Protein chains: 2
Amino acid sequence: MEQDMRTKLIEAATPLFAKRGFAAVSIRELAKAADVNVAAISYYFGGKEGLYTAVLEHQFAPIAEKQAWLAQNSPQSGEERLLLYAQAVPAVHGQRPFLIRFMHAEMINPTICFEAVVKKYITGLFLFLSRAIADGVAAGEFKPGINPGQAALSLAGILNFYFIAKPLAQSLLAGCSDQEFVEQSFRIYLDGIRRDDHA
Amino acid sequence: MEQDMRTKLIEAATPLFAKRGFAAVSIRELAKAADVNVAAISYYFGGKEGLYTAVLEHQFAPIAEKQAWLAQNSPQSGEERLLLYAQAVPAVHGQRPFLIRFMHAEMINPTICFEAVVKKYITGLFLFLSRAIADGVAAGEFKPGINPGQAALSLAGILNFYFIAKPLAQSLLAGCSDQEFVEQSFRIYLDGIRRDDHA
DNA sequence: ATCATTAAAACAAACGTTTAAATCAATCGT
DNA sequence: ACGATTGATTTAAACGTTTGTTTTAATGAT
């Protein structure tokens, strides 16, 4: 089966590319990890870059779904929309534990996939958050002085940075669940942008 | 002069390593960029890894200095200590524009330098923030429920994420200065952790 | 018997490093 | 004061590996 081979290679390649980066992993290593012949990579993906692109698309798939869902089933208030995002963050990272590594690797050292895959989804998320905040400011939910674009980046940062620093942080933060962290961070953020006198 | 050669190589290697990663840059490329012979890398740094280590140490030097200074001249209140950090963030990124890339590259794909260089400084910063927040909670400055370790990561995230996403964000955030972003983010964060009834 | 798939071998190119000769600067004996 | 000599630096060439890809033959199923 063609699909078996493709998924076998993608699944074996994902942790290798994630932990060591595209350039530092050889196709022989990938083939051995997937228990296939080296030629299979060229045969099914057209080369190392093709396999990497397939891995990246598989990683970003949950974001694409979530984004499509948000575009249709988005609630009214800014706060509710931000909450949806805050809940999606640990869910997506739980579903794709390596996604954060690929996202940051692409932001720091963009490959050819950056424009087509990464930039598209990140921009979509940014616009969703930006509009939610702008609407919230306009509706009097959030402080009037808030810059929506900057505040969108702030929220993305406060929620996602933890997942990057996690391997390093786990020795420092003894026994802290993802859920716990995201809840406290989101509470801090919301308390920070909410209008003091808002009901 | 030996020092001339070393700094010439380090300065030429910094943007290459930062933008493309350690594995994706060849020593011939490094030598050409620095306008020296390939053998100079082995001669002065003992090899490619030695040059990378030297680049990394040069990048982290401002953090080391700042940390040593903080250890002695640290103010009393938690809020003042957090402010010192918030002011240091854009200053350091201004002084070392590529530092954020090296830090994240090391967190995502750790090289041999990670333990010796990166982990040390990050842990130091984390402890500084953690203690500042814990003291602030104990003193009644900050909300009683706050988990200091988690909140330390939140602050690092809300302030630093912007500098990672910057190349991507600059097309979205039209005309926003680093200073502006950090000020708003820090205000949001402080308003989020400060006790509502605190003077 | 035909076609798609797998396997091993071969390919040129690029890799990091080392070698050996050339160049340079400073030191020393006269 | 000056050519000889020493040691450090710089260069270009060569080293053996490893890289990604392709080829060619073997195997599989229809």
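Predicted, not measured: the structure shown is a model, and the values here were computed from it. Just so you know, these numbers use all the heavy atoms, side chains as well, and skip hydrogens, waters and symmetry mates.
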Of all residues at least two apart in sequence or in a different chain, which pass the side-chain contact (heavy atoms from CB on, under 4.5 Å) check with [X]?
{"X": "B:Gln87", "value": "B:Leu83, B:Leu84"}
{"X": "B:Asn160", "value": "A:Phe161, B:Tyr85, B:Val89, B:His93, B:Ile100, B:Ala156"}
{"X": "B:Ser74", "value": "B:Arg81, B:Phe128"}

Original post:
Dot-bracket for DNA chain D, 5' to 3', counting Watson-Crick or G-U wobble pairs under 3.5 Å, with [ ] for crossing pairs and | for inter-strand pairs?
Top reply: |||||||||||||||||||.|||||||||.
Subject >> Distance below 4.0 Å between B:Tyr43 side-chain N/O and D:dT9 OP1 or OP2 >> reply: yes
Original post:
Taking only side-chain nitrogens and oxygens of B:Tyr44, does any of them come within less than 4.0 Å of OP1 or OP2 of D:dT10?
Top reply: yes
Exercise answer: donor-acceptor pairs, residues 115-126 of chain A side-chain atoms, under 3.5 Å, sequence neighbours excluded:
unit_1	atom_1	unit_2	atom_2	d
A:Thr123	OG1	A:Lys119	O	2.6

Original post:
Without hydrogens or angle criteria, can the side chains of B:Glu106 and B:Thr111 be said to hold a donor-acceptor pair below 3.5 Å?
Top reply: yes
**OP:** Would you please say whether a donor-acceptor pair under 3.5 Å links the side chains of A:Ser185 and B:Gln150?
**Re:**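 The answer is no; no qualifying pair exists.
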Using whole Å, report how far [atom1] of [X] lies from [atom2] of [N].
{"X": "B:Phe45", "N": "D:dT10", "atom1": "CZ", "atom2": "C1'", "result": "16 Å"}
{"X": "B:Leu30", "N": "C:dC15", "atom1": "CG", "atom2": "P", "result": "10 Å"}
{"X": "B:Asp35", "N": "D:dA12", "atom1": "CG", "atom2": "P", "result": "11 Å"}
{"X": "B:Lys32", "N": "C:dA14", "atom1": "NZ", "atom2": "P", "result": "12 Å"}

Show me, pair by pair, the donor-acceptor contacts under 3.5 angstrom made by side chains of residues 58-70 of chain B, not counting sequence neighbours?
unit_1	atom_1	unit_2	atom_2	d
B:His58	NE2	B:Arg96	NH2	3.3
B:Gln59	OE1	B:Leu99	N	3.1

Original post:
Of all residues at least two apart in sequence or in a different chain, which pass the ring pair (Phe, Tyr, Trp, His ring centres under 6.0 Å) check with A:Phe102?
Top reply: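 For A:Phe102 there are no ring pair (Phe, Tyr, Trp, His ring centres under 6.0 Å) partners, ignoring immediate neighbours.
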**OP:** Please collect all salt bridge (Lys or Arg N to Asp or Glu O under 4.0 Å) contacts where either partner lies in residues 162-188 of chain B, sequence neighbours excluded, each pair once.
**Re:** B:Lys166-B:Asp178
Original post:
What residues form a side chain to side chain donor-acceptor pair (under 3.5 Å) with A:Ser77, not counting sequence neighbours?
Top reply: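 Residues passing side chain to side chain donor-acceptor pair (under 3.5 Å) with A:Ser77: A:Glu80.
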Show the distances under 3.5 angstrom between N or O atoms of the protein and N or O atoms of nucleotides 19-27 of chain D.
unit_1	atom_1	unit_2	atom_2	d
D:dG20	OP1	A:Val25	O	3.4
D:dG20	OP1	A:Lys48	NZ	2.6
D:dG20	OP2	A:Ile27	N	2.9
D:dG20	N7	A:Arg28	NH2	2.7
D:dG20	O6	A:Arg28	NH2	2.8
D:dT21	OP2	A:Lys48	N	3.0

Original post:
Going by number, which of residues 14-21 of chain B have a non-hydrogen atom under 4.0 Å from DNA chain C?
Top reply: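 Close to the strand, none.
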Taking distance alone, no hydrogens or angles, what donor-acceptor pairs closer than 3.5 Å link side-chain atoms of residues 24-34 of chain A to residues at least two apart or in another chain?
unit_1	atom_1	unit_2	atom_2	d
A:Ser26	OG	A:Glu29	N	3.2
A:Glu29	OE1	A:Arg20	NH2	3.1
A:Glu29	OE2	A:Arg20	NH1	2.9
A:Glu29	OE2	A:Arg20	NH2	2.8

